[in-house]
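Chain letters run A, B, ... following the sequence lines, proteins first, then strands; residues in each count from 1.
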Amino acid sequence: MGILPFVAELGLIDHHCHGVLRTDSTREEFESLLLEADAVSPLGGSFFDSALGFAVRRWCAPLLDLPRHASAEAYLERRNSLHITEVSRTFLMASGIHTFLVDGGFQPDRLLSAPELASLAGAEAREIVRLEHLAEELSTAATTNEFLYQLRLRLRSPSVVGAKSVAAYRMGLAISGERPTEDEALRAMYVWQTWNPGPLKDPVVISWLAWEAMDAGLPLQFHVGYGDSDIDLHRCDPSLLTPFLRATSGLGVPVMLLHNYPFHRQAGYLAQVFPHVFCDLGLATHGLGHQASRVLGEALEIVPYGKFLFSSDAFGLPELYYLGALLFRRALSDFLADGLRRDAFLEEDAHRIARLIASENASRVYKL
Amino acid sequence: MGILPFVAELGLIDHHCHGVLRTDSTREEFESLLLEADAVSPLGGSFFDSALGFAVRRWCAPLLDLPRHASAEAYLERRNSLHITEVSRTFLMASGIHTFLVDGGFQPDRLLSAPELASLAGAEAREIVRLEHLAEELSTAATTNEFLYQLRLRLRSPSVVGAKSVAAYRMGLAISGERPTEDEALRAMYVWQTWNPGPLKDPVVISWLAWEAMDAGLPLQFHVGYGDSDIDLHRCDPSLLTPFLRATSGLGVPVMLLHNYPFHRQAGYLAQVFPHVFCDLGLATHGLGHQASRVLGEALEIVPYGKFLFSSDAFGLPELYYLGALLFRRALSDFLADGLRRDAFLEEDAHRIARLIASENASRVYKL
Amino acid sequence: MGILPFVAELGLIDHHCHGVLRTDSTREEFESLLLEADAVSPLGGSFFDSALGFAVRRWCAPLLDLPRHASAEAYLERRNSLHITEVSRTFLMASGIHTFLVDGGFQPDRLLSAPELASLAGAEAREIVRLEHLAEELSTAATTNEFLYQLRLRLRSPSVVGAKSVAAYRMGLAISGERPTEDEALRAMYVWQTWNPGPLKDPVVISWLAWEAMDAGLPLQFHVGYGDSDIDLHRCDPSLLTPFLRATSGLGVPVMLLHNYPFHRQAGYLAQVFPHVFCDLGLATHGLGHQASRVLGEALEIVPYGKFLFSSDAFGLPELYYLGALLFRRALSDFLADGLRRDAFLEEDAHRIARLIASENASRVYKL
């Protein structure tokens, strides 16, 4: 149950992550960033008693010169005795991720930007523009024309390699297969801003933004499945996207299904049948801790191996990039070792599958 | 694949079960109580040819002094040669369950009551009040005030430690996040009793009862997922409860998601993100027989270990308490042994996880 | 991880498959028939880089006198150097399937008919009539009476042993529990043919056809779950069939849930609680390649063993019959070997379970 050497040495492209926190964390903040809950509850006990909590103690403690399985208290004490920049650099460097595609549109003030992250990690970073956040920012534009101009300019910025929709959080994934006209979108924008200012939830605007991103040729990421308590999980089943995927399948622009747990089999189905659909298991890979192998195996059941990517979906805590990469490597290694043991493919095939998933699919799709 | 010694010796709190039958069973009755079907069909063959049927032959036969894997015929012959009280005592005592939380609201005439169960098992028993059944019983009250008084009195009875909603069977789990007013509830009650007497299916009344139980501070259990042919399984996905969970998350009153199979991953998600949500794998644990380990592993993927409980959901046949406990121990042991083998946590951590799930979470939540 | 001898020798009834192609295949055609995609996309790479692609190279190459794991190029070159009849015969004979139940209603011009398939394989073949296809064919009948007469005659043809509904593709599985009257059905037919000619999508006609098939006593197959990009996967959850299953449970006519992935647990639940419901894992079994064992284990969690059947759902490529049978045998063997290792049942029980699933359930249900 170690890691196959060729998997341990893979350079990774993390095609979906966020920035790391600029500051130290209290225990309360650390625990709440560990899982997707808003806060720890005395009813349910410490989040260190979870698969991910144990993974922090097992795998992260040694990188801070503590013994494996150091207690939560010892871990946080040691962590806070160091400068957060040093802690972050340690975990980022140890992840083996050489390129980060960063969605910087959620809580940007708390987090390092993409260039800061790249610099700290000694790696490359490129930007993923978060569509709803961008529309919210630009919605104060003086005129409609100015809004459209700025939006389209930003989608074509050289630093941007992809777009992301959080429709899952705002309306669910039942996006229409019919493209709204520009007029319909602008009318819906007006209604949103006039009558219901605040987070963008209008389905017409959200769907129109997705098409605009595809016009710009940007691979379009969708949050799918597992997230925090703001989602209604049953509305985040990726098969709800089918009409949209059918409508966009001829454009030659990739659609990336993120996370997907517990709908990773549905995502694999979509990635198999639609030429432009890809998927990953971000967030779940580290969230599952020592059980990640079974679920990665499930995620790889029917998806062609040219259609699956690595991502961490790490947010805030540098430990999550490291664990995202490490537990992904362990799970991928288990998958390949099992295939080799069953004589399902040759060792050279296993190497090729590993390279595809670790970085080559991302390079091809995002044209890195 | 044995049981780790510290798991074998765990005292269990069964936070959701029913009573045992007062009488012997014919083969037909035994088979129909084994699974969730109404009856055995000649089209499909004997239910002894199922995971649970084989578990009865493997594990229960020796407790009746038969060889392992005794035939179904030999098993039932031996069982019926003994007094049912003796049979029941044997299996209840062997389960290692020291406290039963009993939902006595389904077919109470056929079953031992909570105190009778306790006495037979040499254990403790406390009551879970079944909300829809209670409302049906009290609906003959002379006046609305009398109904309200009796309802609230019963919810505050010292013997009652929790409430249970079978909304899943009556309306599905898409309960509104808005609390009905008392007036709305009483109007809906009137319509139900006047125009549509019979089982309570009105969504306003069912939802209002859930809030009344939470007012009384009672942990509120929901049937979720797997049950008999009266449910529409897709309407029993626990994520349909999200609006209700969001609305009640600040009350500090626990919500317990029961069974959950095949939505146990969705249940684990909800238990992670909502501070007051807990879950179990009752019914499925024994229903899966020798395959329980994989599914318990799945159920424990992302749920914090302070949020998961043991239950049998046993009904009628005393074998089901024993198998519920035994197969749970085996599956929990497999989960912990796998974690230890992978060095995911220390042995002392494994002990703590085991105690939390076996009884400590239940003690804390139900204030036992 | 070999195959238990008694599983290797099982004669199989394939209760759901299609015909094999009459002609050789180009690489493009071969790859597109391998998976459920319409075509291979340069965005995502070759479908040989998939679980099924590797299974072809591993298991099919030796039957064409190539080494295991021969490259895709070598495999296709060798395959095309042989006559397609010889290739087809080789794989069909090697499958160990002695009876094929053939749905010949999809792309009949490209494929061998049931009798041709039987002759080539040295096996038996019987017909499954595809209801929507039949209605489309007969819809040019001169009169309503002629339509009804021909429909009912065909459903009672001696060569027909079952019917199949592709409601999943045309309307989803949310079929009403109320039987349409003949008048309602004929009115809906008229509207379909007059205003919307083309594939039958009318829910009243589709549902009425299902009832007509049951009137004829034909086991009624439903496509469920996994298929090509024409389905909306979330509308193919078998639990959407619950009202229809409840309404038909007293008829004594079997309902067969086909494929089911990724809803195989839901299918197992339905097969457990409804006396007339049966299920399989066709298409997924070979689609999953070396990972088929885990999913077959899941599919067999709560279904009584008298309710589960083998099928390949092979279409077009003769390799798929062989792989469907071979990977099914491997997965079934893994399931039984695991049960024996855990002492869950006796070897004679394992033999009986194997025979039930391999052929006896199909013999009983289809009265073969």
Side-chain angles (χ1 to χ4, degrees), chain B residues 1-2 31-32 34-59 67-72 225-237 261-265 283-284 286-295 298 327 330 334, chain C residues 173-174 177 219 234 237-243 245-246 249 252-255 262-278 294 297-298 300-308 335 338-350 352-353 356-357 360-361 364-365:
Chain B
M1 283 175 288
E31 287 202 32
S32 80
L34 210 49
L35 303 190
E36 293 294 308
D38 294 337
V40 182
S41 154
L43 265 179
S46 167
F47 287 167
F48 273 99
D49 277 342
S50 69
L52 184 50
F54 284 112
V56 168
R57 291 174 50 201
R58 166 63 183 89
W59 297 106
R68 294 179 301 160
H69 308 294
S71 71
Y226 185 29
D228 66 34
S229 66
D230 284 347
I231 59 163
D232 283 19
L233 195 56
H234 61 96
R235 298 167 69 210
C236 301
D237 176 341
Y261 180 92
F263 305 111
H264 41 284
R265 284 170 163 158
L283 190 55
H286 61 261
L288 288 155
H290 70 283
Q291 294 204 97
S293 297
R294 179 182 51 236
V295 180
E298 292 177 9
L327 295 172
R330 295 181 69 82
D334 282 352
Chain C
L173 291 176
H234 60 97
D237 177 340
S239 56
L240 294 168
L241 276 173
T242 307
L245 297 176
R246 220 173 262 137
S249 69
V253 180
V255 172
F263 305 111
H264 41 286
R265 284 169 163 158
Q266 280 87 339
Y269 157 77
L270 294 167
Q272 177 184 121
V273 302
F274 288 109
H276 63 322
V277 175
F278 296 75
R294 179 182 52 236
E298 292 178 9
L300 291 173
E301 277 165 358
I302 60 168
V303 67
Y305 304 130
K307 297 286 207 104
F308 192 85
F335 172 79
D338 180 62
L340 290 169
R341 197 167 47 240
R342 291 172 183 263
D343 192 24
F345 36 67
L346 297 173
E347 180 139 351
E348 66 197 53
D349 296 317
R352 191 174 65 261
I353 295 170
L356 285 169
I357 293 176
E360 291 181 6
N361 291 334
R364 185 174 67 254
V365 166

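Both the backbone and the side chain of C:L240 come within less than 4.5 Å of a heavy atom in chain B. Both the backbone and the side chain of C:F345 come within contact range of chain B, with heavy atoms under 4.5 Å apart. B:S293 touches chain C through its side chain: at least one heavy atom from C-beta onward sits under 4.5 Å away, while N, CA, C and O do not. For a residue to count as touching a neighbouring chain, one of its non-hydrogen atoms must lie under 4.5 Å from one of that chain's; by this rule C:D237 touches chain B with the side chain only. The contact between C:L356 and chain B is made entirely by side chain atoms (from C-beta outward), counting heavy-atom distances below 4.5 Å. Looking at C:T242, the atoms closer than 4.5 Å to chain B (heavy atoms on both sides) all sit in the side chain, from C-beta outward. Heavy atoms closer than 4.5 Å to chain B are found in both the backbone and the side chain of C:R294. Heavy-atom distances place both the backbone and the side chain of B:F54 under 4.5 Å from chain C. Neither the backbone nor the side chain of B:R235 comes within contact range of chain C; no heavy atoms are under 4.5 Å apart.
With chain C as the partner, the residue from B:P262, B:A37, B:S229 showing the most heavy-atom pairs under 4.5 Å is B:S229. Highest contact tally toward chain C, considering only B:G45, B:G44, B:S41, B:A39, is held by B:G44 [criterion: heavy-atom pairs under 4.5 Å]. Interface check for chain C: of the options B:D228, B:I231, B:L52, B:V40, the most heavy-atom pairs under 4.5 Å are formed by B:I231. Highest contact tally toward chain B, considering only C:S249, C:A344, C:P254, is held by C:A344 [criterion: heavy-atom pairs under 4.5 Å].
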**Report entry** CA sep, side-chain torsions, deciding dist, call: B:V295, C:R265, side-chain contact (heavy atoms from CB on, under 4.5 Å)
**Finding:** CA-CA 11 Å; B:V295 180; C:R265 284 169 163 158; 3.6 Å; yes
Query - Test log, rule side-chain contact (heavy atoms from CB on, under 4.5 Å), inputs B:D38 and C:F274 - result: CA-CA 8 Å; B:D38 294 337; C:F274 288 109; over 6 Å; no
Report task. Test C:F263 against B:H234 for ring pair (Phe, Tyr, Trp, His ring centres under 6.0 Å), laying out the working first. Result -> CA-CA 11 Å; C:F263 305 111; B:H234 61 96; over 10 Å; no
Query raised in the report: Where do C:R246 and B:D232 land on the salt bridge (charged side-chain N to carboxylate O under 4.0 Å, His left out) test, with the steps shown first?
Result: CA-CA 10 Å; C:R246 220 173 262 137; B:D232 283 19; 2.7 Å; yes
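Within the 4.5 Å cutoff, the side chain of C:L346 has no heavy atoms near those of the B:R68 side chain.
Checking B:H69 against C:D343 by side-chain atom types alone, a donor-acceptor pair falls below 3.5 Å. A side-chain donor-acceptor contact under 3.5 Å links C:Q272 and B:Y226. A donor and an acceptor atom, one from each side chain of C:Y269 and B:E36, are nowhere located under 3.5 Å apart.
With respect to the salt-bridge test (charged N to carboxylate O, under 4.0 angstrom), the residues B:D334 and C:R342 qualify.
The backbone N or O of B:L233 lies less than 3.5 Å from no partner atom in the side chain of C:Q266, so there is not a single donor-acceptor pair.
A distance of 14.0 Å separates OH in C:Y305 from CZ in B:F48, rounded to the nearest 0.5 Å. To the nearest 0.5 Å, the span separating CG on B:L43 from CZ on C:R364 amounts to 7.5 Å.
Taking all atoms of both residues into account, the shortest heavy-atom contact from B:Y261 to C:E298 is OH-O, 4.5 Å. Closest approach of B:S50 and C:P304 over heavy atoms only: CB-CA, 4.2 Å.
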